[in-house]
*Asks:* 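Shown below is the structure under consideration.
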Protein chains: 2
Amino acid sequence: MSPKNKETQLNQPITEVDRIIHEPARYLIMAYLYVVESADFLFLLRQTGLTKGNLSSHLGKLEKAGYVDIKKKFSGKIPQTLLRLTRDGRVAFDAYRASMKKALADLPNGRK
Amino acid sequence: MSPKNKETQLNQPITEVDRIIHEPARYLIMAYLYVVESADFLFLLRQTGLTKGNLSSHLGKLEKAGYVDIKKKFSGKIPQTLLRLTRDGRVAFDAYRASMKKALADLPNGRK
DNA sequence: GCAAACAAGTTTGTTATACAAACCAGTCTG
DNA sequence: CAGACTGGTTTGTATAACAAACTTGTTTGC
């Protein structure tokens with residue numbers, strides 16, 4: 001009924017993973033903000049390859065989660081949206097990466 | 001307009017990640033099948049902590065993706081559902097883990 | 001021997017999500 | 001000054017995850 005090894009019990013950090021960051025598009029956005037500190041909408045648009053609508057809505061979610069700070073300015077007469085990771089965002093991103101690494105590591109090998 | 005570092009260009013393996021496996025519940029299911037080779041529905045139910053409905057539907061998706069093989073038997077008079085990873089499933093799982101590890105590694109450090 | 005409880009799942013319904021397409025306000029250009 | 005372009009936001013749709021309700025059959029209590 002049960003498998004041979006009744007003791008099998010995996011660590012399950014993956015079930016508690018931060019869903020906000022787990023979404024690949026948002027991971028990517030956060031990864032960019034993580035390394036560049038601050039960027040504008042169009043930079044992220046180009047780099048991530050997302051559509052504008054998508055980028056906008058993911059940024060909205062990240063803002064709502066408190067992970068990014070959105071500031072709207074004018075650069076001359078042109079509106080410009082400036083994005084940066086908040087401290088919380090940086091912390092959450094580090095935590096996500098650590099927890100995923102842990103989930104991905106240490107799996108017994110199983111059999112072929 | 002753009003951030004200071006115009007060269008910034010991350011590897012973006014994360015955008016091509018296998019969405020079937022990326023879902024934590026399914027990752028967990030596959031991880032169990034990966035190590036135990038074969039298990040029944042109730043074993044997975046207990047181990048994963050998913051509800052029956054959820055487990056059933058995730059298994060359905062994994063089957064449709066060709067990642068798990070579902071066999072229904074009777075154990076005496078009691079119906080029993082036997083699950084195992086297919087070869088494709090094992091390969092995909094390995095690939096997913098490799099690709100996520102890569103995405104999680106090598107991020108420049110950014111600034112505080 | 002039949003009613004109620006249980007086993008092993010599946011189906012259904014709700015809520016949320018990702019995504020692209022359409023839209024919009026304002027600016028620049030020929 | 002008409003049309004194209006910038007820099008986005010809003011809207012619509014299809015999928016998804018999840019829990020709750022249901023189903024088919026079996027076992028147990030009375």
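On a predicted model such as this, the values are computed, not experimentally measured, just so you know.
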*Asks:* Rounded off to whole Å, could you give me the CG-to-P distance for the B:Leu42 and C:dA7 pair?
*Replies:*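 To the nearest whole Å, that distance equals 9 Å.
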*Asks:* Using whole Å, report how far CG of B:Leu55 lies from C1' of C:dA7.
*Replies:* 15 Å
*Asks:* Name the closest nucleotide to the A:Lys52 side chain, picking from D:dT9, C:dT10, D:dC18.
*Replies:*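 Among the listed nucleotides, the one closest to the side chain of A:Lys52 is D:dT9.
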*Asks:* Would you say B:His58 reaches D:dA16's phosphate, i.e. side-chain N/O to OP1/OP2 under 4.0 Å?
*Replies:*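 Answer is no, no contact under 4.0 Å.
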*Asks:* C:dG9, OP1 or OP2 - any side-chain N/O from B:Lys73 closer than 4.0 Å?
*Replies:* no
*Asks:* From C-beta outward on A:Arg19, which listed nucleotide comes closest to its side chain: D:dA17, C:dG9, D:dG7?
*Replies:*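 Side chain of A:Arg19 sits closest to D:dA17.
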*Asks:* Would you mind telling me which of D:dG7, C:dT10, D:dA17 lies closest to the side-chain atoms of B:Lys61?
*Replies:* D:dA17
*Asks:* Just compare D:dT26, C:dG9, D:dT9 and give me whichever is closest to any side-chain atom of A:Phe41.
*Replies:* D:dT9
*Asks:* How long is the gap from OG1 on B:Thr48 to CZ on B:Arg26, to the nearest 0.5 Å?
*Replies:*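 The distance works out to 13.0 Å.
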*Asks:* Of all the nucleotides listed (D:dG7, C:dG9, D:dA17), which has the minimum atom distance to the side chain of B:Glu23?
*Replies:*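 The nucleotide sitting nearest to the side chain is D:dA17.
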*Asks:* Please determine, for the side chain of B:Asn54, which listed nucleotide (D:dA19, C:dG9, C:dA18) has the closest atom?
*Replies:*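 Taking heavy atoms from C-beta onward, the closest nucleotide is D:dA19.
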*Asks:* Report yes if the side chains of B:Leu82 and B:Ile70 come closer than 4.5 Å at any heavy-atom pair, otherwise no.
*Replies:*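 Not in contact.
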*Asks:* Rounded to whole angstroms, how far apart are CG on B:Asp18 and P on D:dA16?
*Replies:* 12 Å
*Asks:* Rounding to a whole Å, what distance do you find between A:His22:NE2 and D:dA17:P?
*Replies:* 10 Å
*Asks:* Whole angstrom is fine here: how far is it from CG in A:Leu45 over to P in D:dT9?
*Replies:*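 For the pair A:Leu45 CG and D:dT9 P, the rounded distance is 12 Å.
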*Asks:* May I ask you to verify if any side-chain N or O of B:Arg26 is less than 4.0 angstrom from the OP1 or OP2 atom of D:dA17?
*Replies:* yes
*Asks:* Looking at D:dC18, I'd like to know if its phosphate oxygens (OP1 or OP2) sit under 4.0 Å from a side-chain N or O belonging to B:Thr51.
*Replies:*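 Indeed not, no polar side-chain atom of B:Thr51 lies that close.
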*Asks:* Roughly, in whole Å, what's the span from CZ in B:Phe74 to C1' in C:dA7?
*Replies:*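 Answer to the nearest Å: 12 Å.
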*Asks:* Is there a side-chain polar atom (N or O) of A:Arg46 under 4.0 Å from OP1 or OP2 of D:dT6?
*Replies:*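 No.
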*Asks:* Is the shortest distance from a Lys or Arg side-chain nitrogen in A:Asp69 or A:Lys71 to a carboxylate oxygen in the other one below 4.0 Å?
*Replies:*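 Here A:Asp69 pairs with A:Lys71 in a salt bridge, since their nearest N and O are under 4.0 Å apart.
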*Asks:* Answer yes or no: is there a side-chain heavy-atom contact under 4.5 Å between A:Asp94 and A:Tyr34?
*Replies:* yes
*Asks:* Rounding to an integer number of Å, can you tell me how far A:Ile78 CD1 sits from C:dC28 C1'?
*Replies:*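 These atoms are roughly 9 Å apart.
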*Asks:* Closest-nucleotide mapping onto DNA chain C: is B:Ser57 or B:Pro79 further toward the 5' terminus? I mean the 5' end.
*Replies:* B:Pro79
*Asks:* Please give, in whole Å, the distance from C:dG9 C1' to B:Leu82 CG?
*Replies:* 14 Å
*Asks:* Between B:Lys77 and A:Ser56, which residue's closest nucleotide on DNA chain D lies nearer the 5′ terminus?
*Replies:* A:Ser56
*Asks:* Rounded to the nearest 0.5 Å, what's the gap from CG on A:Leu55 to CZ on A:Phe41? Could you check?
*Replies:*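 Between A:Leu55 CG and A:Phe41 CZ, I get 4.0 Å after rounding to 0.5 Å.
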*Asks:* Any luck finding a side-chain donor-acceptor pair between A:Asp18 and A:His22 under 3.5 Å?
*Replies:* no
